[in-house]
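A, B, ... follow the sequence lines: proteins, then strands. Residue 1 opens every chain. Since we're looking at a predicted model, the values are computed, not measured.
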Number of protein chains: 2
Amino acid sequence: MSLPHAILTALLEKPSSGLELTRRFDKSIGYFWSATHQQIYRELGKLERDGAIRALPRQGVTRGQKKEYEVLPAGRDELARWTAASQDPKPLRDTLLLRLRAAAVVGTAGVQEDLHRHLVLHQRQLAEYEEIEKRDFPPGKDAVEDRLRHVVLRAGIDLETFWTQWLTRTIEELEAP
Amino acid sequence: MSLPHAILTALLEKPSSGLELTRRFDKSIGYFWSATHQQIYRELGKLERDGAIRALPRQGVTRGQKKEYEVLPAGRDELARWTAASQDPKPLRDTLLLRLRAAAVVGTAGVQEDLHRHLVLHQRQLAEYEEIEKRDFPPGKDAVEDRLRHVVLRAGIDLETFWTQWLTRTIEELEAP
DNA sequence: CGGAACATGTAACCTGTTACATGATTTC
DNA sequence: GAAATCATGTAACAGGTTACATGTTCCG
């Protein structure tokens, strides 16, 4: 039950069409809540039926024509309610860790190469986040909204840092005699 | 497509019944791949139909009677194949981060209390993992299988460490003047 | 014998993924 | 006018969640 809220947040930040949202879910919002265009169109339909958002008046056909949405008061209220409600952290689910555990019973063939590959991917993501931090959060910006967006980015940076460190250490550990 | 492989791993570590598996998915394996008993029974049925596992002979009724499963060669082969195959890391999906981003548009009401609550939960989980490390991985155990299981536990410890640090810092940051 | 704990399952639903379909606009 | 790109969708399926159903064993 979070995709609708991710969409409401994105639309409040800036009214958009389905495709524009899809693009934004490949960056920004997508860094901590990813979604494909199929999911987004389906959810936009539901949100519109429920009166949480509305399409900006733009007479004409449905197919092939850009359709911009904006959030209605009911949608904003629902987002505020959801944001304030307490939620438990979700238990971890990670295939790489599962594969290492499986490797303890069926052998490490293939896993080690993938550790290297993941290390590179996480290093790249880390570099990208650090670039964004430098660009969007220069020292001195400290309105509450900026601080909130900054701590979220910080979580991304710290997580990628964790992965690169853990992977480096794990690769050494498994290659040791 | 990972639940069957999690179950195969668990069954190779030790043949078990559905309920025993459910219990083990609340600890151990469940620390990085959780599953409910409904999922487990459904998946056991599929794995048995596919010839990956079999129920140990135990004549009698089906309902209410314990049914132990063991992995067949086909199941072990499939697990080895899956473990060796390269897989991309899944993009992050975290509701707490999404809520903070939403809070930048609808206000921080309610979120701050939840940050405190999550901090306590992550501290508890961290303590539990450290307890397990002390108990199960005393210095000197270094067969490959032990090393593999140890690095997985290490990932859990490092992740919980990340969360506690990030939450502490974030709480300070948001409570600052 | 009645209730708690053990044990296995079914059904309905929601979310996410994959593959495909279709129309509109721009560009060469 | 053909191809690329923009833009919105449909359908089928896979996986996860929630609620419920049912039988067995143990213990007081």
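Taking atom CD of residue B/Glu68 and atom C1' of nucleotide C/dC6, one finds them 14 Å apart after rounding to whole Å. Rounded to a whole Å, the CD1 atom of A/Ile7 is 12 Å from the C1' atom of C/dT15. Rounding to whole angstrom units, CG of residue B/Leu21 and C1' of C/dC6 are separated by 15 Å. Nucleotide C/dA11 holds its P atom 18 Å from the CD atom of B/Gln39, rounded to whole Å. Following rounding to the nearest Å, A/Leu44 (CG) and C/dG16 (C1') show an atom-to-atom distance of 16 Å. Atom CG in B/Leu47 sits about 14 Å away from atom C1' in D/dG15, given to the nearest Å. Between the P atom of D/dG9 and the CD atom of A/Glu20 lies a distance of 14 Å, rounded to the nearest Å. As rounded to whole Å, 16 Å separates atom C1' of D/dT8 from atom CD of A/Glu43.
Judged by distance alone, with hydrogens and angles left aside, the side-chain atoms of B/Arg76 form no donor-acceptor pair with the main-chain N or O of A/Val106 at under 3.5 Å. Between the side chain of A/Asp114 and the main chain of B/Gln87, a donor-acceptor pair closer than 3.5 Å is present. Between the side chain of B/Thr83 and the main chain of B/Arg81, no donor-acceptor pair closer than 3.5 Å is present.
In the region residues 8-19 of chain B, proximity to DNA chain C at under 4.0 angstrom, judged on heavy atoms, holds for B/Ser17, B/Gly18, B/Leu19. Near DNA chain C, meaning a heavy atom under 4.0 Å away, there are no residues from residues 82-95 of chain A.
At the phosphate of D/dA14, neither OP1 nor OP2 sits under 4.0 Å from any side-chain N or O atom of B/Lys46. Phosphate contact (OP1/OP2 of D/dG9, side-chain N/O of A/Tyr41, threshold under 4.0 Å): absent. Applying the 4.0 Å criterion to OP1 and OP2 of C/dG16, one finds that A/Gln38 has every side-chain N and O outside that range.
At a threshold of 4.5 Å between non-hydrogen side-chain atoms, the residues A/Leu47 and A/Val71 do not count as touching. Considering only heavy atoms from C-beta on, A/Leu148 comes within 4.5 Å of B/Leu174 through its side chain.
A salt bridge is absent between B/Asp94 and A/Lys90; no separation between the charged side-chain nitrogens and carboxylate oxygens falls under 4.0 Å.
For the atom pair CD (A/Glu43) and CD1 (A/Ile7), the distance works out to 5.0 Å, reported to the nearest 0.5 Å.
In the set C/dT8, D/dT8, D/dG16, the nucleotide with an atom closest to the side chain of A/Lys66 is D/dT8. Comparing atom distances between the B/Lys67 side chain and each of C/dG9, C/dT15, D/dT8 picks out C/dG9 as nearest. Checked against C/dT8, C/dA12, D/dA7, the side chain of A/Arg23 finds its nearest nucleotide in D/dA7. With C/dG16, D/dG9, C/dG9 as the candidates, the nucleotide lying closest to the side chain of A/Trp33 is C/dG16.
Note on ring orientation: taking the six-membered ring where Trp is involved, the planes of B/His122 and B/His118 are tilted (angle from 30° to 60°).
Shown here are the side chain to side chain donor-acceptor pair (under 3.5 Å) partners of B/Glu70, two or more places apart in sequence or in another chain: B/Arg54.
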Assess the residue pair B/Arg149 and B/Asp136 against the criterion (salt bridge (Lys or Arg N to Asp or Glu O under 4.0 Å)); give the C-alpha distance rounded to whole Å, side-chain angles, the decisive distance to 0.1 Å, and a yes or no.
CA-CA 10 Å; B/Arg149 294 198 186 99; B/Asp136 293 354; over 6 Å; no

